[in-house]
Amino acid sequence: MLEAVSLVLEKLLLISNFKLFSSGAPGEDKARNTFYEINSFLRGDVLEVPRTHLTHYGIYLGDNRVAHMMPDILLALTDDRELTQKVVSNKRLILGVIGRVASIRVDTVEDFAYGADILVNHLDRSLKKKALLNEDVARRAEKLLGMTPYSLLWNNCEHFVTYCRFGTAISPQADKDISKCTVKECGNAVPLPAMPESCPVIAAEVIRVSIQRS
């Protein structure tokens with residue numbers, strides 16, 4: 001029952017943000033002319049890119065590299081890294097959200113932000129949590145590189161960075177959207193669902209990955 005409710009909520013959230021996903025790439029006209037002061041970023045910093053309705057997050061690894069979670073349907077269709085490593089288009093992204101397939105990948109700062117402004121470690125202040133050491137943050141991110149299940153509610157880019165940065169996978173952004181969605185679409189009668197056991201978050205996934213690689 002909880003899985004069914006979660007699935008419905010994810011679809012409603014996807015529909016509510018469909019214009020954002022389907023309208024061209026954010027900052028497309030600005031992207032070619034944007035210069036980022038990458039020398040001001042430290043390895044392990046959380047990079048935050050505010051969009052119109054959503055915020056995208058990544059972990060800076062140094063040398064103009066950012067680890068971030070991106071939905072991508074192409075990962076389910078081919079093992080060709082030359083194809084999948086190309087910048088994810090909006091079509092690939094939205095189909096990846098629907099198919100719940102993603103990867104934690106590395107892109108340049110420019111490809112990660114795509115012309116948008118970047119906030120650095122803003123989550124430290126907004127969540128009022130103590131961050132881990134930057135090197136530990138970066139190493140956590142590097143251990144998680146590769147394919148991962150995707151969920152707007154339980155395993156998104158914000159879960160990834162909060163696990164790496166604070167040791168706990170949370171997504172205030174998703175919680176806020178769920179609250180809006182349940183009130184708007186269902187009224188106050190439907191409680192927010194707990195995390196389904198079959199939908200692992202980053203915190204559970206990292207344990208599995210660590211065991212496999214140890």
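Bear in mind the structure is a predicted one, so any value in this text is a computation, not a measurement.
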Shortest non-hydrogen contact from Ile59 toward Ala138: CG2-CA, 4.3 Å

Is there a path from Met147 to Leu95 through hydrophobic residues (I, L, V, M, F, W, Y) whose side chains come within less than 4.5 Å of each other? yes

In a table with atom names and distances, give each donor-acceptor pair under 3.5 Å that connects a side chain of residues 74-83 to protein atoms at least two apart or in another chain.
| unit_1 | atom_1 | unit_2 | atom_2 | d |
| --- | --- | --- | --- | --- |
| Thr78 | OG1 | Asp80 | N | 3.0 |
| Asp80 | OD1 | Glu82 | N | 2.9 |

Considering non-hydrogen atoms only, spot the tightest contact between Leu127 and Pro172 and give its length. CD2-CG, 3.5 Å

Within the 4.5 Å heavy-atom criterion, are Leu119 and Thr55 side-chain neighbours or not? no

What's the spacing between Cys164 SG and Asn134 CG if we round to 0.5 Å? 12.0 Å

What are the two closest heavy atoms between Pro50 and Ala116, and how far apart are they? O-CB, 4.4 Å

Holding to salt bridge (Lys or Arg N to Asp or Glu O under 4.0 Å), I want the full list of residues that pass it with Arg92, two or more places apart in sequence or in another chain. Asp72

Across all chains, not counting sequence neighbours, the ring-ring contact (aromatic ring centres under 6.0 Å, His included) partners of Phe41 are Tyr60

Listed partners of Asp124 passing salt bridge (Lys or Arg N to Asp or Glu O under 4.0 Å), at least two apart: Arg165

Ser171 versus His159: any side-chain heavy-atom pair under 4.5 Å? yes

Linking I/L/V/M/F/W/Y whenever their side-chain heavy atoms sit closer than 4.5 Å, directly or via other members, would Val106 and Val87 fall into one cluster? no

Quick one, Leu54 and Gln173 - any side-chain contact, counting heavy atoms below 4.5 Å? yes

Among residues at least two apart in sequence or on other chains, which ones pass side-chain hydrogen bond (donor to acceptor under 3.5 Å, both in side chains) with Arg65? none

Going by the ring-ring contact (aromatic ring centres under 6.0 Å, His included) test, which pairs reach into residues 66-107, not counting sequence neighbours? His56-His68, His68-Phe112

Partners passing side-chain hydrogen bond (donor to acceptor under 3.5 Å, both in side chains) against Thr162 (at least two apart in sequence or in another chain): none

Just to verify, what does Asp45 make a salt bridge (Lys or Arg N to Asp or Glu O under 4.0 Å) with, not counting sequence neighbours? none

Pair listing, ring-ring contact (aromatic ring centres under 6.0 Å, His included) test, anchored in residues 69-106, at least two apart: none

Can you sort out the partners of Asp136 under side-chain hydrogen bond (donor to acceptor under 3.5 Å, both in side chains), two or more places apart, ordered by chain and number? none

Does the side chain of Thr148 reach to within under 4.5 Å of the side chain of Phe160, using non-hydrogen atoms? no

Does Gln85 have any side-chain hydrogen bond (donor to acceptor under 3.5 Å, both in side chains) partners at least two apart in sequence or in another chain, and if so, which? none

Tell me, do Leu47 and Val120 make a side-chain contact under 4.5 Å, heavy atoms counted? yes

Tell me the closest heavy-atom pair linking Ala141 and Ala67, and the distance in Å. CB-CB, 4.2 Å

Could you point out which residue of Asn155, Val101, Asn156 forms a side-chain contact (heavy atoms from CB on, under 4.5 Å) with Tyr150? Asn156

Less than 4.5 Å apart, any side-chain heavy atom of Val109 and any of Asn64? yes

Check for me, please, whether Tyr36 and Leu42 land in the same ILVMFWY cluster - side-chain distances under 4.5 Å, paths through other members count. no

Quick one: salt bridge (Lys or Arg N to Asp or Glu O under 4.0 Å) pairs with a partner in residues 147-163, sequence neighbours left out? none

Are the side chain of Arg105 and the backbone of Met70 linked by a donor-acceptor contact shorter than 3.5 Å? no

So how far is it from Ile98 CD1 to Leu93 CG, rounded to the nearest 0.5 Å? 10.0 Å

